[in-house]
Amino acid sequence: MGVAEEFVARTGAEPVFVGSAPGRVNLIGEHLDYNGGRSLPIALTYRTQVAAGRRDDGRLVLHSVQAHDEDVSVPLSALDDGMEGWGAYAAGVVWALGLPGDGPDGLGGLDLVVDGRVPTGAGLSSSAALECAVAMAVLAVAGESRTSDEIVAACVRAENEYVGASTGSMDQTVAMFAEPEHALLIDFASGDRRSVPWAPPGDLVVIDTKAAHTLVGGEYAERRQACEAAARELGVEWLADADAAQAESLADPVQRRRARHVVTESARVTDAVTALEAGDWPAFGRLMTGSHESLRDDYEVSVRELDVAVEAALAAGAWGARMTGGGFGGSAIALTPPGGADEVREAVAAAYAREGLRPPEFLDGSAGGPAEVGPRG
Ligand code: GLA
């Protein structure tokens with residue numbers, strides 16, 4: 001059943017609009033968004049769809065096809081009170097958009113039915129996909145227009161202030177601005193964005209390690225705080241503005257390692273864009289692997305499952321491999337030469353079996369398009 005049919009089955013009415021938005025993998029430039037650096041993510045073809053329609057009882061009613069026994073129903077007027085669980089990502093967006101609930105121009109109430117096809121807990125930004133899809137659908141129902149930058153800002157605010165995860169803006173930015181078969185080079189200090197053709201001759205294999213991943217816990221926030229403290233210590237606006245000598249001059253060994261990652265990762269992004277534009281895939285792959293090592297050793301956000309996947313992929317001939325996203329579980333990516341994907345997948349699965357890990361899941365790494373919204377059907 002499609003999301004529009006689910007909506008009819010749930011509410012007895014036709015949805016007015018269906019919004020959708022993609023998950024993502026970041027190719028390189030990890031943990032640089034909140035450090036004023038640059039990242040190079042692609043949107044995936046896995047998407048979350050949200051069917052939306054009005055109600056007349058002033059309530060926001062959320063239903064998820066995947067979490068069907070966890071419906072959420074709250075008065076729009078009570079959104080300020082906050083919420084726990086998956087519903088907070090959707091309710092937080094409605095809250096952050098600041099649309100009037102009552103009155104002649106008010107929403108009057110909302111039904112949202114969510115079909116999330118971005119694997120959750122896999123570090124593939126299922127939350128940003130949900131947020132952006134909700135924003136697109138709700139704005140269409142309300143007849144309000146916002147720029148994509150304003151939508152990014154509202155979704156980030158929902159995640160930071162409503163859900164309480166202190167993430168940056170990479171995931172929402174790529175969800176809103178991605179182009180199929182392109183990567184998006186985002187400069188978080190200037191706000192500049194540029195699409196770069198992404199057509200590797202082999203495959204980008206996405207490996208969901210199945211190691212639980214969450215950014216609401218303290219580790220992500222701790223990394224961000226250490227970087228902000230290091231930037232203050234060095235007197236730079238953004239840590240990504242520092243150079244290697246400055247990073248090494250930090251007295252605190254933890255801050256020094258975090259800063260080393262930020263500085264070396266920024267240099268790798270520059271080199272990766274050069275390699276990409278020159279079609280030098282082995283060089284691009286080596287930079288990916290360098291990024292993984294830095295995230296493992298200096299930023300300390302990798303876990304055994306990610307390291308095992310990366311090592312097995314490289315041993316099976318991948319040009320490069322790395323964890324992607326926030327870390328602490330989630331997914332890895334491997335860039336393979338033409339015809340090399342099966343060997344990489346088999347090697348990773350065999351390594352997991354040998355190490356006694358839960359079998360990983362392999363996903364398609366094709367580069368998809370941005371969030372969109374349309375009338376039902
Ligand atoms: C998560 C966050 C992003 C970004 C990455 C790490 O995906 O949501 O804002 O910080 O981690 O690059």
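As the structure lists them, so they are numbered: ligands from 1, and atoms in each ligand from 1. Worth knowing before you read on, the calculation uses all heavy atoms, side chains too, and leaves out hydrogens, waters and symmetry mates.
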- prompt: Under the criterion side-chain contact (heavy atoms from CB on, under 4.5 Å), which of Leu306, Asp307, Val348, Leu357 is the partner of Thr209?
  reply: Leu306

For ligand 1, which is the ligand I care about here, please tell me if [X] has any N or O atom under 3.5 Å from one of the ligand's N or O atoms.
| X | result |
| --- | --- |
| Gly29 | no |
| Asn26 | no |
| Glu159 | no |
| Ser125 | no |
| Leu32 | no |

Ligand 1 atoms in contact with [X] (distance to a heavy atom under 4.0 Å):
| X | answer |
| --- | --- |
| Tyr34 | 10 (O) |
| Gly168 | 9 (O) |
| Asp33 | 3 (C), 4 (C), 9 (O), 10 (O) |
| Met170 | 4 (C), 5 (C), 12 (O) |

Ligand 1-proximal atoms of Arg24, by part, heavy-atom distance under 4.0 Å: side chain

query: Would His63 and Asp111 count as having a side-chain donor-acceptor pair, cut-off 3.5 Å?
result: no

message: Looking only at side-chain N and O atoms, does Ser291 offer a donor or acceptor that is under 3.5 Å from a partner on Glu265?
response: yes

message: Quick test of your reading of the structure: of Tyr299, Tyr220, Phe328, Phe188, whose heavy atom lies closest to atom 10 (O) of ligand 1?
response: Tyr220

query: Any link between Val134 and Met176 through a network of hydrophobic side chains (Ile, Leu, Val, Met, Phe, Trp, Tyr) touching at under 4.5 Å?
result: yes

query: Is the NZ or CZ atom of Arg193 positioned over Phe177's six-membered ring, under 6.0 angstrom from the centre and within 45° of the axis?
result: yes

N-O pairing of Asp57 and Arg59 below 4.0 Å: no

Donor-acceptor contacts, no H, no angles, side chain residues 246-255, under 3.5 Å, sequence neighbours left out:
residue	atom	partner	partner atom	Å
Gln246	OE1	Asp243	N	2.9
Glu248	OE1	Arg260	NH2	3.1
Glu248	OE2	Arg260	NE	2.8
Ser249	OG	Gln246	O	2.6
Asp252	OD2	Val254	N	3.1
Asp252	OD2	Gln255	N	2.7

- prompt: Looking at the rings of Phe7 and Phe17, which for Trp means the six-membered one, are their centres under 6.0 Å apart?
  reply: no

